[in-house]
Novice: 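The structure is given below, and queries will be raised subsequently.
Chain naming here is simple, since letters A, B, ... match the order of the sequence lines and numbering starts at 1 in each.
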2 protein chains.
Amino acid sequence: MAKQAYVELCDEVCTHREILEKVQPEMPDEERLYDLAELFKVFGDTTRIRILYVLFESEMCVCDIAALLNMTQSAISHQLRLLKQARLVRSRREGKTVYYFLDDDHVRTVIGQGMEHISERAGGRKDEKEL
Amino acid sequence: MAKQAYVELCDEVCTHREILEKVQPEMPDEERLYDLAELFKVFGDTTRIRILYVLFESEMCVCDIAALLNMTQSAISHQLRLLKQARLVRSRREGKTVYYFLDDDHVRTVIGQGMEHISERAGGRKDEKEL
DNA sequence: ATAACATATGAACAGTTGTTCATATGTTTG
DNA sequence: CAAACATATGAACAACTGTTCATATGTTAT
């Protein structure tokens with residue numbers, strides 16, 4: 001009922017110390033897991049996803065992205081800052097305008113895998129291997 | 001200042017209709033982009049990331065996950081529901097206990113790529129190709 | 001049927017997040 | 001320098017999210 005002190009697994013029915021001993025050493029540090037979640041949070045917003053998609057095609061300045069996505073310059077600028085902090089985009093200044101572009105290819109892979117995943121939904125996958 | 005009616009790009013300095021015409025047809029439907037962001041939102045939480053990592057090793061019942069992560073059964077159950085709705089995990093009942101396991105391999109790929117991305121941070125990458 | 005256990009779920013509350021608005025910074029041109 | 005333009009940023013507010021608590025559902029054994 002209350003919080004378990006150590007790691008008191010549920011009765012002995014379903015769980016075993018064996019699992020614990022197998023799983024725990026494989027877990028990354030708390031800090032890494034936190035950073036990972038922070039990274040995915042950045043992907044977890046429609047505006048930012050749209051920005052990234054736009055940048056798939058070509059580098060672009062802030063006001064263009066704003067125009068393309070039909071949003072205010074301020075909103076885009078705020079989001080670009082987050083994308084930059086997460087190292088998903090970088091920027092380059094040319095006179096008054098600042099061009100943003102994708103940082104590395106993990107962005108493409110991650111988004112690509114995500115797209116695949118949500119696409120499978122529509123497809124078959126009716127087979128449940130359990131009862 | 002106010003919202004642009006159509007797609008009025010920023011002056012003519014930086015932007016061009018060409019870009020617009022190139023980018024816009026490549027953009028997925030709003031609905032897909034929304035679903036994609038929703039998917040990544042699911043990855044964007046430490047608890048859920050930790051659950052997924054635990055399930056990398058082996059299927060597991062709710063109370064075991066709760067014990068391993070030192071969280072309440074309720075909290076884990078709520079999160080498992082989200083993971084299930086996102087089709088990242090599935091479940092299988094065996095008597096009183098319900099076992100959860102990873103649904104497909106996109107989970108591994110996505111998390112793997114995410115890990116790679118945050119790891120590069122520590123590494124080199126000091127080269128800025130622009131001024 | 002009742003008790004015991006594993007899981008699921010609704011309501012509520014605190015903490016977080018995305019946008020807007022106003023304004024600041026930085027750059028170019030006159 | 002001042003004006004014009006592109007971008008950045010701080011404050012504030014509404015909307016959303018994760019946990020907790022209480023309780024419901026489902027399963028097994030007595």
Novice: Does A:Gln73 have any side chain to side chain donor-acceptor pair (under 3.5 Å) partners at least two apart in sequence or in another chain, and if so, which?
Specialist: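 By the side chain to side chain donor-acceptor pair (under 3.5 Å) rule, A:Gln73 matches no residue at all.
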Novice: Can you find a donor-acceptor pair, distance only, under 3.5 Å between B:Gln73 side chain and C:dA8 base?
Specialist: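 Result: at least one qualifying N/O pair found.
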Novice: Without decimals, in angstroms, what is the distance between A:Arg81 CZ and C:dT19 P?
Specialist: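 That distance rounds to 13 Å.
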Novice: Residues two or more places apart in sequence or in another chain: which of them pass side chain to side chain donor-acceptor pair (under 3.5 Å) with A:Arg108?
Specialist: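 Listed in chain order: nothing, the list is empty.
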Novice: Report the distance from atom CG of B:Leu83 to atom P of C:dA8, rounded to the nearest whole Å.
Specialist: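 About 12 Å, once rounded to whole Å.
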Novice: Can you check whether any acceptor in the base of D:dC21 is under 3.5 Å from a donor in the side chain of B:Ser74, or vice versa?
Specialist: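 Under the 3.5 Å cut-off, the side chain and the base do form a donor-acceptor pair.
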Novice: Among all residues two or more places apart in sequence or in another chain, which pass the salt bridge (Lys or Arg N to Asp or Glu O under 4.0 Å) test with A:Glu30?
Specialist: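 For A:Glu30 the salt bridge (Lys or Arg N to Asp or Glu O under 4.0 Å) partners, ignoring immediate neighbours, are B:Arg50.
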Novice: If the sugar-phosphate is the primed atoms plus P, OP1 and OP2 and the base is the rest, what is the B/S/- string for nucleotides 11-18 of chain D, using protein heavy atoms under 4.0 Å?
Specialist: ------SS
Novice: For nucleotides 24-30 of chain D, give me one character per nucleotide, 5' to 3': B if any protein heavy atom sits under 4.0 Å from the base, S if the only such contacts are to the sugar-phosphate, - if neither.
Specialist: --BBS--
Novice: So if I take every side-chain heavy atom of B:Thr97 and compare against C:dA8, D:dT7, C:dT7, which nucleotide ends up nearest?
Specialist: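 Nearest nucleotide to the side chain: C:dT7.
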Novice: Look at the side chain of A:Ser77 and decide which nucleotide, out of C:dT20, D:dT7, C:dT9, has an atom nearest to it.
Specialist: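 When the side chain of A:Ser77 is considered, D:dT7 is the closest of C:dT20, D:dT7, C:dT9.
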Novice: Roughly, in whole Å, what's the span from CE in A:Met60 to C1' in D:dA6?
Specialist: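 It is 16 Å, rounded to the nearest whole Å.
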Novice: Which residues pass the ring pair (Phe, Tyr, Trp, His ring centres under 6.0 Å) test with A:Tyr100, sequence neighbours left out?
Specialist: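 Once residues adjacent in sequence are excluded, A:Tyr100 has no partner under the ring pair (Phe, Tyr, Trp, His ring centres under 6.0 Å) criterion.
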Novice: A:Tyr100 side chain N/O closer than 4.0 Å to the phosphate oxygens (OP1, OP2) of D:dA8?
Specialist: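 Result: yes.
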Novice: For B:Lys84 and for A:Ala75, find the nucleotide of DNA chain C with the closest heavy atom, then tell me which residue's nucleotide is more 5'.
Specialist: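 Comparing both residues, the 5'-ward one is B:Lys84.
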Novice: Holding to salt bridge (Lys or Arg N to Asp or Glu O under 4.0 Å), I want the full list of residues that pass it with B:Glu59, two or more places apart in sequence or in another chain.
Specialist: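 B:Glu59 satisfies salt bridge (Lys or Arg N to Asp or Glu O under 4.0 Å) with B:Arg92 only.
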Novice: Using 30° and 60° as the class boundaries, would you call the ring planes of B:His117 and A:His106 parallel, tilted or perpendicular?
Specialist: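 B:His117 and A:His106: perpendicular rings.
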Novice: Mind checking ring pair (Phe, Tyr, Trp, His ring centres under 6.0 Å) for A:Phe56 and listing every partner two or more places apart, or none if nothing turns up?
Specialist: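 Ring pair (Phe, Tyr, Trp, His ring centres under 6.0 Å) check on A:Phe56 returns A:Tyr53.
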Novice: Could you tell me how far apart A:Ile76 (CD1) and C:dT19 (P) are, to the nearest whole angstrom?
Specialist: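 In whole Å, C:dT19 P and A:Ile76 CD1 are 8 Å from each other.
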Novice: Take the protein atom CZ of B:Phe40 and the nucleotide atom P of C:dT17, then report the distance between them rounded to whole Å.
Specialist: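 Checked: the CZ to P distance equals 18 Å.
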Novice: Sequence neighbours excluded, which residues qualify as side chain to side chain donor-acceptor pair (under 3.5 Å) partners of B:Gln79?
Specialist: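 By the side chain to side chain donor-acceptor pair (under 3.5 Å) rule, B:Gln79 matches B:Arg48.
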Novice: When you compare the side chains of B:Ser91 and B:Lys84, does any donor N or O come within less than 3.5 Å of an acceptor on the partner?
Specialist: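 Yes, because at least one side-chain N or O of B:Ser91 sits under 3.5 Å from a partner of the opposite role on B:Lys84.
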